[in-house]
Number of protein chains: 2
Amino acid sequence: METVGTAVGALPRPGLRERKKQRTRDALVRAALELIATRGYERTTVDDIAAAVDVSQRTFFRYFASKEEVAFFVSRLAESHVVEAVRERPPGEAPLEVLRRAVLDSWDGINEAVEQLVPLELHMRVYRVIESTPALLAAHLRRATELEEELARIIAEREGLDVDADPRPRILVAAFGGVIRVAERRWSAGDDFSASAMRDLMTTCLDHVGPALAGNWRTNPALNRHNET
Amino acid sequence: METVGTAVGALPRPGLRERKKQRTRDALVRAALELIATRGYERTTVDDIAAAVDVSQRTFFRYFASKEEVAFFVSRLAESHVVEAVRERPPGEAPLEVLRRAVLDSWDGINEAVEQLVPLELHMRVYRVIESTPALLAAHLRRATELEEELARIIAEREGLDVDADPRPRILVAAFGGVIRVAERRWSAGDDFSASAMRDLMTTCLDHVGPALAGNWRTNPALNRHNET
DNA sequence: GACACTAATGTCAGTCACTGACAGTTGACA
DNA sequence: TGTCAACTGTCAGTGACTGACATTAGTGTC
């Protein structure tokens with residue numbers, strides 16, 4: 001069934017043209033992230049990025065729809081991992097637990113995948129720029145809500161619900177997403193950039209949701225119980 | 001006590017120059033919102049808006065830092081009312097209840113204030129454009145997080161906490177904000193654009209937070225109790 | 001009421017993100 | 001080797017936004 005010369009299958013070798021494209025894309029991503037992390041987003045022009053890879057500005061825009069897009073290349077990778085992890089959770093697990101476990105359990109794998117693309121340290125520097133650049137922060141939040149929408153649909157499907165009829169899937173993911181973002185901010189604001197520090201932060205923040213929403217904080221000032229089924 | 005010709009106090013009359021500025025600003029807002037609601041955000045250029053008010057493009061940018069800013073003029077007004085309402089909540093009230101009551105109780109007043117600036121119906125059409133335009137949605141979310149930050153600080157102060165040390169204020173507002181956004185979306189997606197419809201939606205969504213975060217949904221599928229003090 | 005002072009505005013030139021059109025180059029495949 | 005299609009570069013143009021400078025128009029003064 002498989003001829004030798006032609007590319008019948010999809011895997012064996014992508015062909016010179018495809019490999020060249022891949023190389024150009026990677027080079028653009030790396031150059032862009034390095035420039036953004038160093039100079040900041042606003043002070044990095046698309047011309048700079050293109051020049052660093054020695055292609056025309058027009059070519060940059062053939063690979064990325066916008067300057068923003070290249071800044072979120074790594075985030076995009078991470079997000080797809082989370083979605084995958086949520087999809088693979090065993091049925092019957094409680095909704096909040098699905099999200100919690102999916103994020104926490106896939107965390108190490110995510111960081112591994114990122115590292116294969118760019119140094120984790122570079123990604124962190126870029127993340128700080130994202131958090132501190134209004135235009136990028138806005139884009140980040142919009143992307144986050146798109147991800148939340150996808151997760152809400154998955155949760156709804158697991159529970160056999162209609163996302164547009166029952167508000168709970170979206171409410172759960174919105175609350176969850178908000179908490180994750182608090183963790184992200186604390187992570188990028190602190191000085192421990194390790195993956196495990198981020199996981200600890202997420203755990204802590206998630207453990208606080210219930211108590212924070214519950215009545216008077218002064219009657220239960222500290223966090224006493226952690227795990228429930 | 002009151003002189004006639006000159007502006008002695010600060011209130012009586014702002015002077016011709018100031019009144020002209022106010023008129024120009026209002027005209028720009030109204031023209032912009034009308035154009036955005038009708039043609040959409042992307043198909044409305046700043047030149048269009050300026051031309052509609054018969055001023056130069058440069059003047060537009062002296063009143064608004066960006067094209068986005070004019071689109072959020074009404075939202076900004078509403079936000080300031082919410083902040084005010086949260087500030088005025090009686091001490092001792094539970095944090096989540098502070099937010100809930102502040103939003104719900106000030107809702108009618110907010111809509112009144114908005115109506116004085118532009119027709120409520122126009123604001124709703126603009127809101128739909130905001131929700132459906134990526135660039136505006138992003139800006140909307142960023143503004144929302146800025147508001148959340150402010151609210152977190154107020155809550156922290158009420159409770160005598162340090163926002164950067166105790167994560168609960170930010171977690172609470174993040175979860176709360178997420179839920180409010182779900183309500184906003186359902187409101188703009190539906191067909192009842194009245195203020196009371198929005199209030200009902202918010203109430204319902206807030207009532208669902210607890211149950212949505214709690215364990216297994218199938219054991220408590222419906223929402224049975226609504227009001228507590 | 002003429003006069004200086006200053007804030008508001010218009011005009012102009014320039015940067016930067018992004019796009020469509022067209023032409024040149026280069027892998028892919030017979 | 002030659003044809004075809006995909007990639008790329010160049011160029012021109014739009015639209016958001018900014019700085020510089022000249023012009024206009026309220027404001028307070030004599």
Side-chain angles (χ1 to χ4, degrees), chain A residues 2-10 12-28 31-32 35-36 39-72 129 133-136 138-139, chain B residues 3-10 12-28 31-32 35-36 39-72 133-136 138-139:
Chain A
E2 44 241 348
T3 352
V4 184
T6 49
V8 176
R13 200 141 305 169
L16 175 54
R17 182 176 284 171
E18 209 54 40
R19 273 179 287 148
K20 258 189 159 178
K21 276 204 318 188
Q22 190 60 45
R23 232 181 299 147
T24 306
R25 184 190 311 284
D26 286 2
L28 282 172
L35 283 168
I36 289 172
R39 295 191 206 168
Y41 184 70
E42 251 110 51
R43 279 186 297 277
T44 302
T45 69
V46 174
D47 284 323
D48 291 338
I49 303 170
V53 185
D54 206 53
V55 296
S56 70
Q57 190 214 49
R58 195 67 184 85
T59 294
F60 173 92
F61 282 111
R62 289 200 176 98
Y63 281 94
F64 304 98
S66 64
K67 193 172 106 175
E68 272 170 29
E69 198 175 297
V70 71
F72 290 106
V129 175
T133 307
L136 283 184
Chain B
T3 352
V4 183
T6 49
V8 178
R13 203 138 307 168
L16 175 55
R17 186 169 353 212
E18 210 54 40
R19 272 180 287 147
K20 259 192 158 177
K21 276 204 318 187
Q22 190 59 46
R23 233 182 298 146
T24 305
R25 171 180 268 103
D26 285 2
L28 282 172
L35 283 168
I36 289 172
R39 294 191 207 168
Y41 184 71
E42 251 112 49
R43 279 184 299 276
T44 303
T45 70
V46 175
D47 284 321
D48 291 338
I49 302 171
V53 185
D54 206 54
V55 296
S56 70
Q57 190 215 49
R58 196 67 184 83
T59 295
F60 173 92
F61 282 112
R62 287 200 177 98
Y63 281 94
F64 304 98
S66 65
K67 192 172 105 176
E68 272 170 29
E69 197 175 298
V70 71
F72 290 105
T133 307
L136 283 184

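Quick note on labels: first sequence line is chain A, next is B, and so on, each numbered from 1.
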### Task
For D/dT10, take OP1 and OP2 only and decide whether either is under 4.0 Å from a side-chain N or O of A/S56.
no
### Query
Closer to the 5' end of DNA chain C via nearest nucleotide, is it B/R17 or B/V55?
B/R17
### Query
B/R25 has an atom CZ; how far is it from atom C1' of C/dA7, in whole Å?
14 Å
### Query
Any idea which of C/dC18, C/dA8, C/dG10 is nearest the B/R62 side chain?
C/dG10
### Message
Tell me whether the side-chain N/O atoms of A/Y63 come closer than 4.0 Å to OP1 or OP2 in D/dT8.
### Response
yes
### Task
Tell me which nucleotide among C/dT9, C/dT19, D/dG26 gets nearest to the side chain of B/L16.
D/dG26
### Contact check, side chains of B/F72 and B/L136, non-hydrogen atoms, under 4.5 Å
yes
### Message
Any heavy-atom pair between the side chains of A/Y63 and A/E69 that's under 4.5 Å?
### Response
no
### Query
Does a nitrogen or oxygen in the side chain of B/K67 sit under 4.0 Å from OP1 or OP2 of D/dC17?
no
### Query
Checking only heavy atoms, does the side chain of B/R58 share a donor-acceptor pair with the base of D/dG19 at less than 3.5 Å?
yes
### Query
With side chains defined as the heavy atoms from C-beta onward, is the minimum distance between B/R25 and B/L28 less than 4.5 Å?
no
### Task
Rounded to the nearest angstrom, tell me the gap between atom CG in B/L136 and atom P in D/dA16.
12 Å
### Message
I want to check something: taking the side chain as every heavy atom from C-beta on, are B/Q22 and B/R19 in contact at a cut-off of under 4.5 Å?
### Response
no
### Message
What is the distance, to the nearest angstrom, from the CZ atom on A/F60 to the P atom on C/dC18?
### Response
8 Å
### Task
Report the distance from atom CZ of B/R23 to atom P of C/dA8, rounded to the nearest whole Å.
15 Å
### Task
Remember a base hit wins even if backbone is also touched, and classify A/T45 as base, sugar-phosphate or nothing at under 4.0 Å, heavy atoms.
sugar-phosphate
### Message
For A/A135 versus A/E68, what's the shortest heavy-atom pair and its separation?
### Response
O-OE2, 4.4 Å
### Task
Rounded to the nearest angstrom, tell me the gap between atom NZ in B/K21 and atom P in C/dA7.
10 Å
### Query
Looking only at side-chain N and O atoms, does A/K20 come under 4.0 Å of OP1 or OP2 in C/dG27?
yes
### Query
Which nucleotide sits closest to the side chain of B/F61: D/dT18, D/dA6, D/dG26?
D/dT18
### Task
Please report, rounded to the nearest Å, how far the P atom of C/dA21 is from the CD atom of A/Q57.
17 Å
### Task
Round to a whole Å and report the spacing from CG of B/L28 to P of C/dG10.
10 Å
### Message
Rounding to an integer number of Å, can you tell me how far A/L35 CG sits from C/dA17 P?
### Response
12 Å
